[in-house]
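The structure appears below as structure tokens.
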Amino acid sequence: MVATPDPYAAGAPFRSSHGLWCGEDDFLRISVLGIGTQVVVVTGRVLSPAGEPLVFSHPLASPASRTVPATLIRAVGCGWLENVTAICASAGTGLQQTFVTVDLVRGPSAGGGVLATLLQGPLASLQRMSWPGSPMVNTLDGPGVIRSIAGTDPAANVEISETVPAGARWRLLNLVATLVTDANAANREVSLTFDDGTTVYAVAPSSVNQAASLTRRYSAGAGSIRGAAATALEITIAITPVVLLAGHRIATVTTNRQVTDNWGAPQYTVEEWLEGA
Amino acid sequence: MATQCNTCKGIYEPMGLDGVPYYHVCPPITVVAVLRDGVTQFVPLADLKPADIVVARRGDDLVRVAVADLLPTDLRLGDGHAPRPNARDETPVSTVVGEKVVSVPKAAGLGVKTVTVAPVTGLELFDHVK
């Protein structure tokens with residue numbers, strides 16, 4: 001007959017030195033923010049008073065919300081919490097698309113007091129967070145996720161206007177959009193503007209005219225320089241790496257725009273972070 | 001199938017290729033400062049009339065000129081933006097119901113409909129190069 005190991009005994013082989021004793025009132029609260037609908041799985045082990053290692057696994061879908069996290073509260077069980085690992089189970093998920101926080105809380109209610117924050121940081125399909133070991137990370141640490149976004153194709157006589165979603169922080173990297181001018185004789189000049197939802201705080205003019213009945217593709221990027229004649233169908237706009245907060249807008253302003261001038265859908269790349277606020 | 005906003009007629013895909021939702025927000029309307037019937041006022045660009053007087057930069061000068069008499073090289077001044085009536089704003093307003101996050105658009109506007117968008121071919125260039 002093999003004796004049951006005593007996890008409380010000095011030098012007990014199964015109990016880690018950092019283990020947190022948890023009772024009936026202790027729960028794990030898992031919170032996930034995400035810009036898509038990735039699945040996060042939080043796993044770990046609890047060493048029971050009888051010395052038996054118990055395994056738990058709690059899946060949770062991120063909410064496709066940058067502002068309100070999906071939350072799951074589950075009992076730890078009586079014993080020593082040995083380790084916790086958070087995994088993103090959805091393939092192709094980049095860092096900063098999903099952000100997880102795992103707290104040890106008192107009681108099963110959503111408002112339970114936090115006793116300890118065990119994990120906090122971004123997950124990717126092949127990158128995990130683990131307690132103990134992983135550092136606490138905030139949403140704005142490090143590089144953001146690079147996204148290519150197809151914007152709204154505005155109707156004729158409407159400027160392009162793209163709005164940063166709630167809870168996001170963007171750095172605009174590049175933008176391409178095509179303007180088809182109608183037959184009304186007038187030189188149009190396009191600028192890219194950045195505003196806070198109301199007031200413009202940056203303008204990047206193309207400094208090139210587009211006359212009537214022409215199709216021109218505008219390309220904005222940091223360090224853009226007007227090309228030679230061979231690229232006359234393309235017009236470049238130099239922009240600084242503008243950082244935009246939620247509700248800020250990227251828009252075109254077409255001076256001398258005519259009523260049936262028509263912008264196509266913009267395609268743009270941004271570096272995105274979760275604001276975490 | 002794409003989505004078309006009934007307010008601004010903009011067309012967009014509600015889900016990006018990266019699986020991230022796209023939240024459409026209607027652009028403002030463009031208004032132009034004009035002198036019409038002896039009164040200075042802003043009018044929507046679509047309502048601009050040939051007899052409206054606008055201020056334009058002509059060379060180094062600022063001139064009052066009727067819309068019908070604008071030269072191709074004139075630069076019409078006084079354009080601005082005004083809020084679009086019934087603007088749609090899909091920015092999600094999220095709340096927690098049970099253990100689920102439930103989101104609704106900030107402003108529904110006049111709603112949306114689904115539309116079929118013809119694929120881009122590049123052949124339309126021939127319409128513009130005679």
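Everything numeric in this text was worked out from a predicted model, so none of it was measured. In what follows, chains are A, B, ... by sequence order, proteins preceding strands, each numbered from 1.
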Would one find more than 12 heavy atoms of other residues, nucleotides or ligands at under 6.0 Å from atom CG of A/L140? yes
Proximal component of [X], with respect to chain B [non-hydrogen, under 4.5 Å]:
X	answer
A/I149	side chain
A/Q97	side chain
A/A166	both
A/R249	side chain
A/E162	side chain
A/N157	side chain
A/T67	side chain

How close do A/R257 and B/R76 get, counting heavy atoms only, and between which atoms? O-NH2, 3.1 Å
Atom SG of B/C8 and atom CD of A/E159: how far apart are they, to the nearest 0.5 Å? 13.0 Å
Could you grab the distance from atom CD of B/E90 to atom OG1 of A/T152, nearest 0.5 Å is fine? 8.0 Å
For chain A, which residues of [range] have at least one non-hydrogen atom nearer than 4.5 Å to it?
range	result
residues 11-37 of chain B	B/I11, B/Y12, B/D18, B/G19, B/V20, B/P21, B/Y22, B/Y23, B/H24, B/V25, B/P27, B/P28, B/T30
residues 46-53 of chain B	B/A46
residues 55-75 of chain B	B/P72, B/T73, B/D74, B/L75

Can you pull the ring-ring contact (aromatic ring centres under 6.0 Å, His included) pairs that have at least one residue in residues 64-106 of chain B, sequence neighbours excluded? none
For residues B/R84 and A/V158, determine if any side-chain heavy atom of one lies less than 4.5 Å from a side-chain heavy atom of the other. yes
